[in-house]
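Read through the structure below, which is laid out as structure tokens, and then see the notes.
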Amino acid sequence: MKILLKNEFLKITRSKAFRIAFLLSLIYVPFNILTGGSAEYFQYGYRCPVVIYGFFETCFFWIFGAIIAALVAGEYDNGTIRNVIGLGIDRRKYFISKVISVFTASAFILFLMVFAFFVVATIRFTRWTGFVFTGKYLLKLLSYYITMLVFVLSYESIFILFSQIFHSTRNTFLGVLGITLLENEVAAYLTVKALGRVTGPIGTIMKIRAFYDKGAALDAAFWLNLIPSVVVGIAAIVASYFLFIKKDIE
Amino acid sequence: MENVVLKTNRLTKVYKNTEVNKRVSVTINKGEIYGLVGADGAGKTTLLKMITGLAKPTKGSITLLGAKEDDELSAVKKKIGFVVEGPALYPSMTAHENCLVKARYLGYENEPDYEQKVNDILSLVGLKDVEGKKINDYSMDMKQRMALALALIGEPEFIMLDELFYGVDEKGVKELREVLLKINKDKGITILFATNKFRDVEGVATTYGFMHRGRIVREASAEKIARELEDNDNNVESYITNMIQRYAEGVR
């Protein structure tokens with residue numbers, strides 16, 4: 001397993017898609033904050049500071065989708081998956097090493113994004129974000145990071161499932177864009193029209209924003225909002241695992 | 001049996017209700033260069049995929065280097081090298097990094113003289129001068145050479161090559177044919193070479209297997225085929241096409 005992980009990390013560090021996604025995210029986060037407004041934001045029935053809103057916007061899941069498309073589906077496009085399976089490497093171990101490596105790489109990128117975000121945001125908006133360097137600041141920052149990590153990994157699990165279904169970088173990435181747009185734009189618009197407030201995944205994000213707005217990001221109730229994402233993520237990974245074990249490598 | 005490197009017994013593969021391989025039985029002995037010849041869609045690649053474990057046979061069995069059961073097969077697969085369906089390489093990596101990935105999977109990275117062995121392989125396939133370049137910058141010819149180099153990492157006993165000369169110019173084909181003869185003679189590597197062009201393996205293969213619509217319709221020694229070719233005024237194209245047709249009708 002150690003050797004499999006070593007190889008996976010070598011592939012990640014050499015991957016062009018990973019490097020581009022990494023640079024884009026680091027440039028875009030501070031750029032978004034510095035060019036954004038400083039008023040409070042009201043949307044879909046929830047109020048929150050623009051800083052929080054801005055970050056959810058900039059956390060664009062497609063960056064992580066691009067990483068998954070390149071590193072998981074890319075093995076099918078390159079044909080390199082054949083080299084691995086043809087060598088008699090245990091498919092289960094290979095799948096686990098792949099998931100661990102892409103999750104670790106994403107957690108690292110996300111950590112840098114959150115770090116960059118808060119450094120720039122604190123400098124610019126300290127007056128009203130509340131995230132100043134006081135006692136609970138680090139805990140709040142940690143809760144914020146964990147929340148985002150759960151969302152990202154949950155989305156990534158769905159993207160891994162796409163790559164196991166499509167076995168193609170292009171189709172996986174189109175699937176990523178499709179589901180991101182569907183959830184964040186179409187579903188949000190339709191539920192607001194029908195119910196007056198947004199529900200579903202985007203609704204959960206809005207609720208979480210409200211927790212930050214009320215300064216209740218460390219309350220127990222806050223964490224309950226993450227349960228649906230965890231369940232969806234686990235279901236997607238389990239489905240991907242069985243597809244990978246059973247399917248022929250075309 | 002010890003002399004047998006590969007034996008497939010009535011191997012059958014069904015994809016979406018179509019029999020892509022039909023009861024294929026092939027035996028390849030140690031030291032042979034087996035030329036598997038057949039038109040596109042004859043079932044050569046599917047056969048190689050089943051042997052490498054990329055596709056599961058619908059029926060039949062495979063004995064590879066004496067191993068038959070799944071667990072044993074996984075272990076002996078480290079002793080085989082292959083190129084199936086084109087060169088499978090990491091485009092953002094250099095030749096050395098691609099070799100490193102495979103060497104790690106094989107546990108070969110810590111072998112004494114690992115670096116020297118990789119350098120020798122890259123020299124053998126004619127890539128020593130471009131070893132520092134990324135695969136992205138390679139031509140198709142160079143990618144095929146790199147794929148062959150990867151197949152040779154780990155000192156395999158048996159290699160399977162599927163359309164290795166696709167995208168390689170005449171000079172390159174000549175050089176690679178010499179490489180195949182050299183590794184067969186010097187290192188005793190048994191080779192299965194699948195191609196749709198008889199010319200690719202003519203003069204290299206010691207045994208031929210001709211495939212048509214999922215079946216092996218004929219197996220014959222290189223000498224026998226050479227004699228028959230001579231009788232046909234060395235008209236390769238028409239001889240191969242007619243011969244395969246004739247034998248295909250015979251096995252129906």
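We name chains A, B, ... by the order of the sequence lines, and we start the count at 1 in each one. Quick note: numbers below take in every heavy atom, side chains included, and nothing from hydrogens, waters or symmetry partners.
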Under 4.5 Å from any heavy atom of chain A - which part of [X]:
X      : value
B/N98  : neither
B/I51  : neither
B/K143 : neither

Quiz item: Which members of residues 86-95 of chain B, sorted by number, sit under 4.5 angstrom from chain A on a heavy-atom basis?
Solution: B/G86, B/P87, B/A88, B/L89, B/Y90, B/P91, B/S92, B/M93
Quiz item: How about residues 103-134 of chain B versus chain A: which residues have heavy atoms under 4.5 Å apart?
Solution: B/R104, B/Y105, B/L106, B/E109, B/K134
Quiz item: More than 12 heavy atoms of other residues, nucleotides or ligands under 6.0 Å from NZ of B/K22: is that the case?
Solution: yes
Quiz item: For atom OH of B/Y166, is the number of surrounding heavy atoms from other residues, nucleotides or ligands below 6.0 Å larger than 12?
Solution: no
Quiz item: Got a second to check how far A/N83's CG is from B/I153's CD1, nearest 0.5 Å?
Solution: 11.5 Å
Quiz item: Roughly how far, to the nearest 0.5 Å, is NZ of B/K102 from OG1 of A/T80?
Solution: 13.0 Å
Self-check item: Side chains of A/R82 and B/T52 in contact at under 4.5 Å (non-hydrogen atoms)
Solution: no
Quiz item: At a heavy-atom separation under 4.5 Å, does A/F18 approach chain B through its side chain, its backbone, both, or neither?
Solution: neither
Quiz item: Which atoms of A/K2 come close to chain B, meaning under 4.5 Å heavy atom to heavy atom: side chain ones, backbone ones, both, or neither?
Solution: neither
Quiz item: What residue in B/K78, B/E97, B/K56, B/K79 has the most heavy-atom pairs under 4.5 Å with chain A?
Solution: B/E97
